[in-house]
Amino acid sequence: MNNLTIGREPIQIVEIVAPRCVNTYGQSPCNATGGTGAECFNTRKTCQDSANYAATAELSFRFSKPTANRTMDTYEIDGDNSKSNPFPWLLSVKTSPTQINIGGTGDASTALGIRASVSATFQDAPDTDTFSDPYIATRGYIATDRGTFWSKWLARNPFYTKYIFRVYDGYQGQDLSEMQVREYLIDSITNPGSSGQVTVKAKDPLRLAGSDRTIFPPVEGMNIKNNITTLQQVGIVVLGTSAQVLRSLFDAGSDGYYATIGSELILFTGATETVPGVEYTLTGVFRAIGGTTAEDHDAGDSFARVGFWGSKPLDVILSDLLFSDVGANIDSSYYNAADWAEEVATYGIEFNTMSAFAIGQEPIDKLVSQLADQCSFSLWWDDREGKIKFRFVRPPSTIPVSINDTDNILAGSFSMLDDVERRISRVIINYNPIMETKTQSATDFKNSFVSVNLQYESENFYGEEKTRRLFSNWIKSGLQAARTSINLLSLLVVTPKIVTFQLDAKDRGIWAGDIVDISSWQYTDETGAQTVGRFFIISADESVSGEVISYKAISYNFVGRYGIIVINSAVDFTFASDEYKATGGWICNDSGLMSDLTEGYKIQ
């Protein structure tokens with residue numbers, strides 16, 4: 001039975017993955033000596049030998065609804081990892097999908113969009129502990145006489161934030177591996193109340209980059225010890241630790257380390273410890289870096305380290321912000337570095353070399369939003385693949401899936417509105433800061449790039465200017481500014497349309513981030529004839545488990561035959577496969593047609 005089966009019976013399983021110590025109590029390397037009956041529960045909270053705690057194993061707790069016709073056996077032992085059969089205590093699951101902020105163009109959220117989330121409610125009940133307690137046989141009590149499943153689980157696992165939470169949607173008879181799975185990280189769990197119920201809330205991993213989470217560069221609270229004159233380069237003493245003063249913020253290398261004292265940016269090549277762990281005297285100091293002005297500074301003035309990337313690809317800067325230990329520290333398994341690098345190399349070569357400072361101690365999501373706005377890309381969590389996706393605003397690289405009222409869209413579910421506020425007719429980018437510590441107005445930048453569609457501003461069209469203005473500390477070249485401007489105007493010069501619709505689960509392969517061609521009776525040309533519109537799916541949610549998928553999409557005005565220039569040794573167009581024709585690019589004749597009389601290519 002699957003999503004194409006007539007008479008299918010949906011089933012939903014949720015899973016919580018908890019870390020478990022791989023050691024055995026009282027056996028080397030565990031040195032705990034509590035004795036028989038007083039063992040830990042192989043969790044960090046209950047550990048009696050924290051120096052040797054090794055959470056390299058996992059316990060996966062699975063749950064299903066008590067009404068489910070549970071014919072599946074999901075118990076597994078995989079080395080040190082164990083996975084339970086479903087506990088029949090799941091009452092409800094409510095999901096809220098990722099909403100992609102395409103190219104950072106929406107004002108209702110940061111460029112990271114709206115986080116995917118899930119809320120699941122469970123019935124609490126007594127439990128035998130046979131799955132969760134590795135030493136149940138030696139306990140001097142009957143587990144079902146003490147507490148309940150959730151009261152004991154929370155006592156043993158109070159550090160549950162960032163535990164993996166999965167939702168499986170499938171059908172009776174399917175194995176878990178055949179089901180559709182969505183992955184989140186636990187955010188909160190309520191304690192069992194008088195109702196005997198517990199609610200678990202989880203969000204996608206990009207929540208770790210939220211404004212209430214990590215600040216970059218890190219706030220260290222360092223100060224200078226002595227007064228400093230305008231010309232002084234030696235004898236500058238900083239109050240802080242070695243880890244703070246010489247922390248790698250992507251700038252440690254041949255140049256050295258960057259920092260600010262007030263509004264002045266400085267560079268230093270090292271530091272000598274003068275009072276162990278407390279004072280460090282800077283060496284190799286260069287003053288007034290990045291267009292700033294050397295100033296006198298007083299003892300006690302703030303000394304703050306600065307992030308710097310010199311000639312790095314955009315994908316590397318993003319991965320540093322999101323996945324490094326001084327960034328959001330998201331697990332790096334949640335992205336595909338090769339895919340991100342290929343995206344930049346193929347569709348954003350202008351951003352393959354970027355140099356910039358991160359100075360202002362900002363939330364990670366704000367820094368990523370700046371990059372998305374200024375480089376015109378989207379970043380989102382794909383809860384099905386369990387990956388953070390990265391894509392420029394650009395034409396599709398494959399032929400979009402086509403859907404229509406007759407075969408796909410559920411009756412009465414399609415609606416459409418104009419997103420008037422998002423439309424633009426011109427883009428102004430001020431870039432290349434005069435002073436790296438001052439980027440708030442047009443006069444703070446050396447260069448500007450203006451791109452205007454005069455036709456759409458004329459009286460016969462919209463008859464007004466609508467400007468998107470960017471003050472860019474990340475863009476340093478006209479080519480970069482031009483790429484962003486072209487992408488934004490291509491997407492938004494015509495008032496974008498927002499559509500919502502629902503599909504049957506047979507079409508559940510379509511998901512957030514996909515591009516689709518939609519034909520609907522509500523989408524017509526000027527004669528009233530039904531036409532096809534191209535849309536980018538910004539959110540997708542399995543609103544009825546195993547049955548109905550709800551979508552939201554924005555018009556995607558990259559219509560036409562786009563390609564990329566192929567290598568010199570590529571076959572001629574006549575002999576190319578359909579797949580190669582869909583992604584490559586060949587020169588057309590003077591009439592704009594290829595040899596088979598199809599449309600010529602536009603270069604991406």
Side-chain angles (χ1 to χ4, degrees), residues 11-27 30 32 34-49 53-93 120-160 163-168 172 175-176 186 189-200 202:
I11 187 172
Q12 195 168 53
I13 303 290
V14 302
E15 178 181 62
I16 295 174
V17 181
R20 183 178 75 86
C21 181
V22 72
N23 296 332
T24 299
Y25 186 87
Q27 296 182 17
C30 176
T36 301
E39 299 93 344
C40 65
F41 292 88
N42 282 50
T43 69
R44 181 62 185 87
K45 174 62 168 62
T46 63
C47 180
Q48 299 168 27
D49 180 19
Y53 179 72
T56 57
E58 296 175 343
L59 278 184
S60 296
F61 297 84
R62 292 167 172 167
F63 305 85
S64 65
K65 294 181 178 178
T67 55
N69 177 23
R70 293 186 301 113
T71 58
M72 51 191 311
D73 178 359
T74 66
Y75 182 76
E76 301 177 45
I77 296 180
D78 179 14
D80 296 316
N81 305 317
S82 298
K83 305 174 182 181
S84 74
N85 278 319
F87 295 96
W89 302 326
L90 177 64
L91 299 179
S92 66
V93 177
T121 301
F122 303 83
Q123 184 64 52
D124 199 10
D127 181 48
T128 62
D129 273 357
T130 53
F131 177 72
S132 57
D133 185 356
Y135 313 107
I136 184 65
T138 66
R139 303 294 182 191
Y141 57 83
I142 298 173
T144 53
D145 291 343
R146 290 195 174 188
T148 59
F149 173 86
W150 280 107
S151 65
K152 291 185 285 188
W153 193 94
L154 286 167
R156 298 165 186 170
N157 298 275
F159 314 121
Y160 54 74
Y163 283 15
I164 293 172
F165 186 94
R166 297 190 180 107
V167 178
Y168 293 85
Q172 293 291 347
D175 186 76
L176 278 182
I186 292 179
I189 303 178
T190 63
N191 286 286
S194 58
S195 64
Q197 295 180 1
V198 169
T199 297
V200 178

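Scope of the values below: all heavy atoms of this structure, side chains included, with no hydrogens, waters or symmetry mates.
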Listed by chain and number, what are the salt bridge (charged side-chain N to carboxylate O under 4.0 Å, His left out) partners of Arg20, not counting sequence neighbours? none
Kindly give the heavy-atom pair with the smallest separation between Ala120 and Leu90, and that separation in Å. CB-CD1, 4.3 Å
Taking the side chain as every heavy atom from C-beta outward, state whether Trp150 and Val200 have any atom pair closer than 4.5 Å. yes
Got a sec, which residues hit side-chain hydrogen bond (donor to acceptor under 3.5 Å, both in side chains) with Ser194, two or more places apart in sequence or on another chain? none
When every non-hydrogen atom of Asn81 is compared with those of Thr56, the smallest separation belongs to OD1-O, 4.3 Å
Can you tell if the side chain of Ser60 reaches within under 4.5 Å of the side chain of Ile164, non-hydrogen atoms only? no
I'd like to check the side-chain hydrogen bond (donor to acceptor under 3.5 Å, both in side chains) partners of Arg44; sequence neighbours left out, ordered by chain and number. none
Which pairs pass salt bridge (Lys or Arg N to Asp or Glu O under 4.0 Å) with one or both residues in residues 143-152, sequence neighbours excluded? Asp129-Lys152
What is the distance from atom CG of Leu176 to atom CZ of Arg166, rounded to the nearest 0.5 Å? 10.5 Å
Using 0.5 Å steps for rounding, measure from the CH2 atom of Trp153 to the CZ atom of Phe61. 7.0 Å
Could you tell me which non-hydrogen atom of Pro88 sits nearest to which non-hydrogen atom of Pro66, and how far apart they are? O-CB, 3.5 Å
Begin from the C-alpha positions of Arg156 and Lys45 and carry the test side-chain contact (heavy atoms from CB on, under 4.5 Å) through to its verdict. CA-CA 6 Å; Arg156 298 165 186 170; Lys45 174 62 168 62; 5.9 Å; no
Could I get the full list of ring pair (Phe, Tyr, Trp, His ring centres under 6.0 Å) partners for Phe165, not counting sequence neighbours? none
Is any side-chain heavy atom of Phe41 closer than 4.5 Å to a side-chain heavy atom of Asn157? no
Only counting residues at least two apart or in another chain, list the ones meeting side-chain hydrogen bond (donor to acceptor under 3.5 Å, both in side chains) with Thr144. none
Could you give the distance from CG (Leu59) to SG (Cys21), rounded to the nearest 0.5 Å? 11.5 Å
Using the side-chain contact (heavy atoms from CB on, under 4.5 Å) criterion, which residues pair with Thr121? Sequence neighbours excluded. Leu91, Ser92, Gln197, Thr199
Quick one: closest heavy-atom pair of Asp127 and Ser132, and the distance? OD2-OG, 4.3 Å
Ring-plane angle category for Tyr160 and Tyr163, please: parallel below 30°, perpendicular beyond 60°, tilted otherwise. perpendicular
In this structure, CD of Gln48 is separated from SG of Cys30 (nearest 0.5 Å) by 7.5 Å
According to side-chain contact (heavy atoms from CB on, under 4.5 Å), who are the partners of Tyr75, at least two apart in sequence or on a separate chain? Asp73, Ile77, Asn85, Phe131
Quick check for you: to the nearest 0.5 Å, what is the distance between Gln123 atom CD and Thr148 atom OG1? 10.0 Å
Minimal non-hydrogen separation, Ser64 against Ile13, with atom names: CB-CD1, 3.5 Å
Residues that Ser84 engages under side-chain hydrogen bond (donor to acceptor under 3.5 Å, both in side chains), provided they are two or more places apart: none
State which residues pass side-chain contact (heavy atoms from CB on, under 4.5 Å) with Pro134; sequence neighbours excluded, sorted by chain then number. Asn42
In Å, rounded to the nearest 0.5 Å, how long is the span from CH2 of Trp89 to CZ of Phe122? 10.5 Å
Could you work out, with side-chain contact (heavy atoms from CB on, under 4.5 Å) as the rule, every residue matching Glu39, not counting sequence neighbours? Tyr25, Thr36, Tyr135, Thr138, Arg139
